Amino acid sequence: MTPAGSLVPGRRRIDYEAELNPEQHTVVMHPGGPMLVLAGAGTGKTRTLVYRVARLIEDGVPASSILLLTFTNKAARSMLDRVGQLLEGRAAKVMGGTFHSAGHKILRRYAERLGYSPRFSILDREDAVDLMGAALADLSPQLPKRRLPKPKMLVSLYSFVINTGRSLDQVILERAPQYVDQEEAIAPVFRRYLERKRNADLMDFDDLLINWLLLLTRHPDVRRELAHRFQHVLVDEYQDTNRLQADIIDAMLGGPRNLMVVGDDAQSIYAFRGADFSNILGFPDRYPDCAVFRLETNYRSTPPILELANASIAHNERQFPKHLRPVREGDDRPVDVAVPSPEMQAAFVADQVLELREAGIDLEDMAILYRNHHHSLELQVELTRRNIPFRVRSGLRFFEQRHVKDVLAHLRFIDNPRDEVAFARMVKLRRGFGDRLTARLWHTVATGDPVRGLISVDARTADLPRIARQSLAGLQRLVEELSGPRLSGLPGEAIRRVVEAFYRQWARENLENAGSRLDDLEQLALFADGYPGVNGFLAEITLLNELSGEDIAGGPPDEELTLSTIHQAKGLEWRAVFLIWLSEGRFPTARAEDIEEERRLFYVAVTRAKEFLYLVHPEIARDRYRVDVSSILHRSCSNFPRSSWNP
């Protein structure tokens, strides 16, 4: 009997040597055992995985004995479709998909071993929040009077604990430091949440992973059965796995340990989501006999772009050294562009986009990348003014975001006291106010001047619940301050006052990613500083929201420029890329704890570009105290053209 995965000459229909480059061919033909494939950007890692699966099947490995783990089900379907085309449908029985989908399939079969029925239900995110809320309500009489995180935040904290293996106190300190002294109160809520899930025969998404691991570690017979069934395990984007996923993979292997992990340590940029950089960096330590392969032939970018990418990442000490080699030709070097201000940065990018389009490059082939979502504010304004259509991959358009609209509702009400919509949005943020009570308050204050009416309502004697009376008193103080003559001429300061007096604490208690949302609001305040009054500022952004930017002369209706954070751009590519805000405090971010991860982000951004790359930074930027400060660019590589732009 031929060992699974060994080479069986004469059976193959695919000419692997002709279809693959030498680096890819070596990986595809390797017999088995632990394999670490370091696949640089644009080197054809997906092609290598596809042909590896096809080669295994052609050499006698049953398709049902192959497990292919990816980070999206779409990626798995695409890979297996390509394998099926190569082998005329013989890949149908390969189990391919995300960790969660594979865990779900396995747990359906073995659920009873863990005390669940085979028909257990799966909680989606919204259902999990509801159940966490019920667990919190169960224990509320026993909990301290001090406020705890809302159910949505509790679910986020719980998930991070499960996926990273970190202690609850560590996770609270990192992700919700305002609750650092509430660990003893939060832990019982988590235990009650677990009890409720178990009693109702429910699993959430995290359970699909942790229960998969428990199945492997607590039931040796099941582990042996799964190891026998899956003779080969292949994992894509291994640098993005978390601690729990890496432990599952290790526990799935049988005696031959036929594991192939594919990834690029230089593109490990998701630590904030729980990805563990040590998984890929420490793979040779966990598997001392592993074979290490490097895919370094790049099919995407021109030589000057790769020269910059190689030079920048070479400064990292914690890495597997690799050197991308270009296949494409081209001599357009990346251009370092200095501009006088953030507004001029946006103007330069818009001008250059239109020039490239006139030169024959479609908007679809261009992207503007940035470190954080709020870095796109001035750019979105400029593109909208010029009627250049764009899509935002990094989230909603800036002024459509919930936290932006929440804060602006306060300014809208002061500017137009008859704006009932703004009034309702502002009031319903406060504790104790729902739809009915808010409508009743509006009816009370709207008989005259609603601003003066709101300020003059007696919170002590009003027919309101106690919590609502307390909330109203705080709102009255804030509205009185906002309506005064000083802040009416300083829209940026008015925004900061809303944040400081109320919204900062509210966001931390109610919204995920509160830190980045608060950064957005400070960027909004800086933008508003450029306007002489609240009315003009609100009118401008309202008009910007009304402009759709759907048409551009001579362009197809679906042609759009892409705006994206670097994180959201990973895996994509464009002919022309603009990397903006390359300035100290922006990129690298002022809050960066790991400069090597910032450099990996830069590497990812650079390697998205095929032909043209612009590195743009304002020379002067305004800080939150409305002071213009010098903006310094820290360059990883200085051997490329520099220019200044000032129309």
Side-chain angles (χ1 to χ4, degrees), residues 62-74 76-77 80 92-135 138 151 154-165 187-235 241-255 259 274:
S64 59
S65 294
I66 299 173
L67 174 61
L68 173 63
L69 295 171
T70 62
F71 270 77
T72 66
N73 286 316
K74 180 181 178 181
R77 285 194 299 270
L80 294 179
K93 293 185 178 181
V94 173
M95 183 185 286
T98 64
F99 281 85
H100 292 90
S101 64
H104 174 230
K105 293 172 186 175
I106 290 170
L107 288 169
R108 284 292 178 198
R109 179 173 178 180
Y110 297 103
E112 291 176 315
R113 303 296 294 272
L114 296 174
Y116 293 86
S117 78
R119 297 179 60 82
F120 67 84
S121 299
I122 301 176
L123 289 168
D124 62 19
R125 183 76 170 183
E126 185 177 346
D127 292 336
V129 170
D130 290 343
L131 193 64
M132 186 68 80
D138 288 346
L154 286 171
V155 168
S156 178
L157 294 173
Y158 171 84
S159 179
F160 212 76
V161 168
I162 295 297
N163 283 278
T164 64
V189 179
F190 286 177
R191 287 193 291 269
R192 181 58 181 152
Y193 174 65
L194 288 168
E195 291 171 2
R196 275 184 159 270
K197 284 190 296 179
R198 173 73 68 167
N199 293 338
D201 202 27
L202 297 170
M203 292 190 199
D204 60 23
F205 287 143
D206 299 317
D207 289 325
L208 297 177
L209 299 186
I210 193 66
N211 284 337
W212 183 4
L213 182 60
L214 291 176
L215 188 67
L216 294 168
T217 55
R218 294 182 179 178
H219 299 276
D221 59 323
V222 174
R223 181 174 181 174
R224 287 192 296 270
E225 187 174 331
L226 290 173
H228 177 73
R229 175 185 172 185
F230 295 110
Q231 300 172 24
H232 285 264
V233 178
L234 301 90
V235 185
T241 55
N242 59 40
R243 174 69 178 274
L244 177 55
Q245 290 164 334
D247 289 345
I248 289 171
I249 294 165
D250 293 345
M252 281 290 291
L253 302 181
L259 169 65

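Computed from a predicted structure; not experimentally measured.
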With rounding to the nearest 0.5 angstrom, report the [atom1] to [atom2] distance, [X] to [Y].
{"X": "R243", "Y": "N163", "atom1": "CZ", "atom2": "CG", "answer": "12.5 Å"}
{"X": "M95", "Y": "L80", "atom1": "CE", "atom2": "CG", "answer": "11.5 Å"}
{"X": "L202", "Y": "L194", "atom1": "CG", "atom2": "CG", "answer": "12.0 Å"}
{"X": "L68", "Y": "T98", "atom1": "CG", "atom2": "OG1", "answer": "11.0 Å"}
{"X": "I248", "Y": "L253", "atom1": "CD1", "atom2": "CG", "answer": "12.0 Å"}
{"X": "D204", "Y": "L209", "atom1": "CG", "atom2": "CG", "answer": "9.5 Å"}

By side chain to side chain contact (heavy atoms under 4.5 Å, CB included) - contacts of [X] (at least two apart):
{"X": "A246", "answer": "Y238, N279"}
{"X": "A63", "answer": "I57, K93, V94"}
{"X": "A92", "answer": "none"}
{"X": "T72", "answer": "K74, A75"}

Aromatic Y116 / basic R108 pairing, under 6.0 angstrom, 45° off normal: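 No cation-pi geometry.
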Kindly state each residue pair satisfying salt bridge (charged side-chain N to carboxylate O under 4.0 Å, His left out) with at least one member in [range], sequence neighbours excluded.
{"range": "residues 118-130", "result": "R125-E512"}
{"range": "residues 217-228", "result": "R109-E225, R113-D221"}
{"range": "residues 205-217", "result": "K197-D207"}

Do the non-hydrogen side-chain atoms of [X] and [Y] ever get within less than 4.5 Å of each other?
{"X": "I106", "Y": "V222", "value": "no"}
{"X": "R229", "Y": "S64", "value": "no"}
{"X": "F99", "Y": "L208", "value": "no"}

So, for [X] and [Y], which heavy atoms are closest and what is the spacing to 0.1 Å?
{"X": "L114", "Y": "N211", "result": "CD1-O, 3.4 Å"}
{"X": "L67", "Y": "A102", "result": "CD1-CB, 4.3 Å"}
{"X": "G274", "Y": "N242", "result": "O-CB, 3.3 Å"}
{"X": "A111", "Y": "S117", "result": "CB-O, 3.5 Å"}
{"X": "L213", "Y": "A251", "result": "CD1-CB, 4.3 Å"}
{"X": "P151", "Y": "G133", "result": "CG-CA, 3.6 Å"}

Can you name the side-chain hydrogen bond (donor to acceptor under 3.5 Å, both in side chains) partners of [X], sequence neighbours left out?
{"X": "H100", "answer": "none"}
{"X": "R196", "answer": "D138"}
{"X": "N73", "answer": "S101"}
{"X": "D250", "answer": "R286, Y287"}

Working for side-chain contact (heavy atoms from CB on, under 4.5 Å), residues L226 and L216: CA-CA 9 Å; L226 290 173; L216 294 168; 3.7 Å; yes
Pairs touching residues 189-231 that satisfy ring-ring contact (aromatic ring centres under 6.0 Å, His included), sequence neighbours left out: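 The answer is Y158-F190, Y158-Y193.
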Audit row: R198, E195, salt bridge (charged side-chain N to carboxylate O under 4.0 Å, His left out) steps and yes/no: CA-CA 5 Å; R198 173 73 68 167; E195 291 171 2; over 6 Å; no
